[in-house]
2 protein chains.
Amino acid sequence: MSLRPVARASLSDHVFEQLTTEIVEGRFEPGTALPSERALCEALQVNRGAVREAVKRLAQAGLVDSQHGSGHHVLDFRRSAGLDLLPRLLFRADGDVDLQVVRSVMELRSAVGPDAAGRCAERATAAQQAAVTALVDDMERVAGDTAVLQGLAIRFWDLVIDGSDNIAYRLAYNALSEVYDQVRPALIEVLGDEIRDVARCRQIAEAIQSRDATTAREVARALTDRGMQGMRDALALLEDR
Amino acid sequence: MSLRPVARASLSDHVFEQLTTEIVEGRFEPGTALPSERALCEALQVNRGAVREAVKRLAQAGLVDSQHGSGHHVLDFRRSAGLDLLPRLLFRADGDVDLQVVRSVMELRSAVGPDAAGRCAERATAAQQAAVTALVDDMERVAGDTAVLQGLAIRFWDLVIDGSDNIAYRLAYNALSEVYDQVRPALIEVLGDEIRDVARCRQIAEAIQSRDATTAREVARALTDRGMQGMRDALALLEDR
DNA sequence: TGGCATAAGTGGTCATACCAGTTGACAAGA
DNA sequence: TCTTGTCAACTGGTATGACCACTTATGCCA
């Protein structure tokens, strides 16, 4: 049995959720104005402060643009939102996972991962090099238990990203992680071949240790390619259904 | 003379700015609590609503975590913020550009750009293929005027990203664009060689037209590599000073 | 020692004003 | 006819003060 913290949400959280959903699913069209704050209060049966807090968050997320006197205008989130919107796009209106989003995330991971490994080999501190090596030691110890390996693989990439000393990689990784967490159980199979490929993780760790950026990059590329292949297979299967 | 819209900012905007700066520059340490809302009202001389709206935005940006009854707790933005924090990290406390951030952004661009070009070749619609080709036509017409070319290059990549049909690339690109815009005049020199390389843009457009993903990827890689080289040179120059 | 009330401090919600910017209708003037 | 100014009716922005709900530390009590 696994216990999780009970979810708690304030009124403005709920308002934010609803409005985000409406916008992302296109029921509030870009260019149009949101209903006025007072109208939203009436419709949602909350006070104006809750509505304003929610709208401020929408603005921060790049979903609306507020203009004093004129209204809150809906933006095209594809052009104005940031990566942290991804978790909101993962589930479609019918509750199913949007495979386009999963594919996109995997591709971004494959684009960034190898270079992160290379940069890590170039720039990691001695402590970071050692941490990566130690983690692969752990992976070898639990080899076979794919579920545990998946957790270690996540930490592996976390360390690699840190070692790459690239703040953009780090922040992008944060957003990707949140998507990953939401579909983690499903990916345990899809990415199985990659997750169990501890040998390549070892090679990467050794390349990082010896500051061999080229090897780190190439092996990481091969590693993420296995995951991409697994995902292609899974997508093909789903489309056949 | 170039006129720009006058900047307008609400009270909560100002509060958000100040708090963000304090957090990003480390004067509010991760794990500690922000001053209470009432204390912030007193210190900033604004009403509590303005403070709350600002704090909600901080939470949305992944900088704080609010707990009813306990306070607003500062998070480690390196692990919890999204890519859209990048523009806030670009300028350091002394007003200078943080070159680490610029380097990070360029690396992310180089990691994603080539794959985006490849995916674009695979997936772009006929209209998108035509748009890329037409844009390169424009580039050839103004060849020589680097400043204008820079604008077209931005639109070029915008089209490529759209054609790649990858929502993660699109959202990441949005965040990168905002950083780019803030240092655009400076990059006109740093990236000069890349910007003037219309020939490679032509090759990419043709590869996209003929759905030759491999060529699109390789040429795009060569193109962004020129920019990386320009940046390395610029960084070396700055460090010599 | 362990459990429980309590008080003080925190964020969350609410109602009600009023200020300030935007927009469109419309009348007065050129 | 076209322009210009005024005004009324919106919109979001700011302010106040009260109260509710949750957390935490304190200290008492069994």
Side-chain angles (χ1 to χ4, degrees), chain A residues 3-20 22-23 27-75 80, chain B residues 3-20 22-23 27-75 80:
Chain A
L3 298 176
R4 284 167 298 108
V6 302
R8 259 165 302 189
S10 67
L11 280 184
S12 67
D13 288 339
H14 285 119
V15 176
F16 176 76
E17 288 297 314
Q18 283 197 45
L19 293 178
T20 301
E22 297 297 300
I23 292 172
R27 282 187 293 277
F28 286 146
E29 297 215 356
T32 65
L34 239 48
S36 76
E37 294 179 356
R38 289 158 176 95
L40 286 172
C41 296
E42 182 65 23
L44 301 169
Q45 289 289 299
V46 297
N47 69 81
R48 201 168 149 214
V51 168
R52 284 185 56 82
E53 287 173 13
V55 172
K56 285 289 177 186
R57 287 180 59 189
L58 291 177
Q60 180 63 30
L63 300 183
V64 305
D65 178 39
S66 302
Q67 288 180 23
H68 189 177
S70 167
H72 302 291
H73 296 85
V74 180
L75 301 174
S80 58
Chain B
L3 298 175
R4 283 167 301 107
V6 303
R8 259 165 302 189
S10 67
L11 281 185
S12 68
D13 289 339
H14 285 120
V15 176
F16 176 77
E17 288 298 313
Q18 283 197 46
L19 293 178
T20 301
E22 296 298 300
I23 292 172
R27 283 187 293 277
F28 287 145
E29 297 215 355
T32 65
L34 240 47
S36 75
E37 294 178 356
R38 290 159 176 93
L40 287 172
C41 296
E42 182 64 24
L44 302 169
Q45 290 288 299
V46 297
N47 68 81
R48 200 169 150 215
V51 168
R52 284 184 57 81
E53 287 172 12
V55 172
K56 285 290 177 186
R57 287 179 59 188
L58 292 177
Q60 181 62 31
L63 300 183
V64 306
D65 178 39
S66 302
Q67 288 180 23
H68 190 176
S70 167
H72 302 291
H73 296 85
V74 180
L75 301 174
S80 58

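No experiment lies behind these values; they were computed from the predicted model shown. Proteins come first, then strands; the chains are lettered A, B, ... in the order of their sequence lines, and each starts at number 1.
Between the C1' atom of dG17(D) and the CZ atom of Arg38(B) lies a distance of 11 Å, rounded to the nearest Å. What separates CG of Leu40(B) from P of dA15(D) is a distance of 15 Å, to the nearest Å. Taking atom CG of residue Asp65(A) and atom P of nucleotide dT11(D), one finds them 18 Å apart after rounding to whole Å. Residue His68(B) contributes atom NE2, which lies 6 Å from atom P of dC22(D) at whole-angstrom precision. The interatomic distance linking Glu37(B) (CD) with dA15(D) (C1') rounds to 15 Å, in whole Å.
Contacts between residues 41-64 of chain B and DNA chain C, defined by a heavy-atom separation below 4.0 Å, involve Arg48(B), Arg52(B), listed by number. Within residues 4-20 of chain B, the residues that place at least one heavy atom under 4.0 Å from DNA chain C are, in residue-number order, Arg8(B).
Between the side chain of Thr32(B) and the backbone N or O of Glu29(B) there is at least one donor-acceptor pair closer than 3.5 Å.
Rounded to the nearest 0.5 Å, atoms CG (Leu58(B)) and CZ (Phe28(B)) are 10.0 Å apart.
Here the options are Lys56(A), His73(A), His72(A), the test is side-chain hydrogen bond (donor to acceptor under 3.5 Å, both in side chains), and the partner is Ser66(A); only His72(A) passes. Screening Ile23(A), Leu34(A), Val55(A) for a side chain to side chain contact (heavy atoms under 4.5 Å, CB included) with Leu63(A), the sole residue that qualifies is Ile23(A).
The shortest non-hydrogen separation linking Ser12(A) to Ala50(A) is CB-O, 3.5 Å. For the pair Gln18(A) and Leu44(A), the tightest heavy-atom approach, listed with the atom from each and the gap, is OE1-CD2, 3.6 Å. Between Leu75(B) and Ser80(B), the shortest heavy-atom contact is CB-OG, 3.5 Å.
Summarising the local packing, CZ of Arg27(A) is surrounded by more than 12 heavy atoms from other residues, nucleotides or ligands at distances under 6.0 Å. Atom CD of Glu17(B) has more than 12 heavy atoms from other residues, nucleotides or ligands within 6.0 Å.
Taking every nucleotide of DNA chain C with any atom under 4.0 Å from a non-hydrogen atom of chain B, the first and last of them, 5' to 3', are dG9(C) to dT22(C).
Checked for salt-bridge contact, Arg57(B) and Asp13(B) meet the test: a charged N lies under 4.0 Å from a carboxylate O.
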Next item on the list: Could you check Leu19(B) against Leu40(B) for side-chain contact (heavy atoms from CB on, under 4.5 Å), going step by step and ending with a plain yes or no?
Entry: CA-CA 10 Å; Leu19(B) 293 178; Leu40(B) 287 172; 4.2 Å; yes

